[in-house]
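Reckoned from all heavy atoms, side chains included, excluding hydrogens, waters and symmetry mates. By convention in this document, chain letters (A, B, ...) are assigned in the order of the sequence lines, proteins followed by strands, and residues within each chain are numbered from 1.
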Protein chains: 2
Amino acid sequence: MFSLFRRRRDRPAVPRLHSRGEAPGNVSRVDVVELTPGLVEYLGQAAYVQLSLFETLSEAVLGAPSTADKESVGQVAALAMAKHHGLVEEIRRRGDDPAAVMEPHARRLDAYRRITAGADWHETVLTAYLTAGLLDDFFRRLSAGLPGDYAARVRAVLSTPDGHELLVAELREAVDSDPRLASRLAMWGRRLVGDTLLVARGALVFERGPQGEQRIEPVFSELIAAHTRRMDGLGLTA
Amino acid sequence: MFSLFRRRRDRPAVPRLHSRGEAPGNVSRVDVVELTPGLVEYLGQAAYVQLSLFETLSEAVLGAPSTADKESVGQVAALAMAKHHGLVEEIRRRGDDPAAVMEPHARRLDAYRRITAGADWHETVLTAYLTAGLLDDFFRRLSAGLPGDYAARVRAVLSTPDGHELLVAELREAVDSDPRLASRLAMWGRRLVGDTLLVARGALVFERGPQGEQRIEPVFSELIAAHTRRMDGLGLTA
């Protein structure tokens, strides 16, 4: 399924992972700014990503094993929807139709959501936590390159509470009590990162070719490092 | 499937519908107050009802035919979750665990959600609109019987925006453009009311027997009248 994305590209799309010991160099604001797409492109993708996260979390609410889990994941879903709504407001501020602005990204992001849906409840919750973590982080960094006041406002929207501590609590409990599930979730977490980085990559503006790859590599190294820290925080080997 | 509920009761549970021309008498505040269950019972049910509505709306988001529909129904889902969250805060205010307080009602309300899920997207959206309309109305009325400040605070939570105008817009468009769908939705709307009134009935405190039935009848007449107005508003015959 991974090849679903790769096939459309002329080269392997996932950037190399730095060796674990190496501290990722800080990507300067200027570097990211140059990679930020136009405002409409950005808002359409960022808004649809939050809507997709809401959908993944909704699946987790619908499949929750207990009332407490349902309640907990439901809160996180509402927070993703709040971010989506904040981004939709920014689209409206421009006088654009939110659905029309999101539409060009729907098919690609729906496919992404399907392949990262997870085979059971814990996988779905892990998907929500890891992909929201990576993509929120990514779009927050990228927002620095947006024009005028949009940079600050979009950053504010993407910095509102995400409730991820509730997902971590769910996952830690499962990981700590069931070693077999833990090992399956570790595999699933490693599997998710490639597809998620492709979504991020698809949002960047850069020249194809070795020079372009070199420019985006530091951004990806930081995203992967943060992903690894999230996996570590769950007690899973990245 | 209707019998799933009915079987557990010793008499037909749906109150008689007044003839259409007859204006339903206004139920005084005192009448409703006497039917209101204890605070914990009330909050557990009302909170779980909102969580169930959120789930029904989530199903509609996941099955939405277009990005615009997804966006629109997603907003309504978030508003149901906000009501749920407000009620959960009231449970927490008492020092109770929300999941534990909702748990006794989960099985019955999950069964209700399953039988009212709808066979396609429009039926699901109609379910969300009509059942939220009826149950929000019902729990809002009943809140007058809650002790102390709870009455006002719960009423405020249940009076926050519900976004139902977005659902009406979706449904009107479908009803106006497709007469066969309209007639199917009219049937579905009539079918929903019985199951939904059973949920309401399950929340009321009253003596079983002819006298009890007489006491709850006016409440139900008003709920049914409001339901009929919602159906009319969609261009559907109730």
Residues two or more places apart in sequence or in another chain: which of them pass side-chain contact (heavy atoms from CB on, under 4.5 Å) with A:Leu57? A:Val73, A:Val76, A:Ala77, A:Ala80, A:Ala128, A:Leu167
Checking A:Ala182 now: which residues fulfil side-chain contact (heavy atoms from CB on, under 4.5 Å) with it, not counting sequence neighbours? A:Val175, A:Leu236
Is B:Leu51 close to B:Val88 at the side-chain level, that is, under 4.5 Å between some pair of heavy atoms? no
I want to check something: taking the side chain as every heavy atom from C-beta on, are B:Leu197 and B:Leu134 in contact at a cut-off of under 4.5 Å? yes
Step-by-step side-chain contact (heavy atoms from CB on, under 4.5 Å) determination, A:Leu204 to A:Phe220: CA-CA 11 Å; A:Leu204 293 176; A:Phe220 280 67; 3.4 Å; yes
For A:Val193 and A:Leu130, what are the C-alpha separation, side-chain angles and deciding distance, and is it a side-chain contact (heavy atoms from CB on, under 4.5 Å)? CA-CA 8 Å; A:Val193 69; A:Leu130 292 176; over 6 Å; no
Criterion side-chain contact (heavy atoms from CB on, under 4.5 Å) on A:Leu142 and A:Val219, from CA distance to verdict: CA-CA 10 Å; A:Leu142 222 55; A:Val219 178; 5.9 Å; no
When only pairs under 4.5 Å are counted, which of A:Gly74, A:Ala106, A:Ala82 shares the most heavy-atom pairs with chain B? A:Gly74
Using a cut-off of under 4.5 Å on heavy-atom pairs, state which of B:Ala47, B:Ala78, B:Ala99 scores highest against chain A. B:Ala99
Give the atom names and distances for all donor-acceptor pairs closer than 3.5 Å across chain A and chain B.
from	atom 1	to	atom 2	distance (Å)
A:Glu55	OE1	B:Lys70	NZ	2.9
A:Glu55	OE2	B:Lys70	NZ	3.4
A:Ser58	OG	B:Ser58	OG	3.2
A:Thr67	OG1	B:Glu103	OE1	2.7
A:Lys70	NZ	B:Glu55	OE1	2.9
A:Lys70	NZ	B:Glu55	OE2	3.4
A:Glu71	OE1	B:His84	NE2	2.4
A:His84	NE2	B:Glu71	OE1	2.4
A:Glu103	OE1	B:Thr67	OG1	2.8

Please classify the contact between B:Leu62 and chain A as side chain, backbone, both or neither, with a heavy-atom cut-off of under 4.5 Å. both
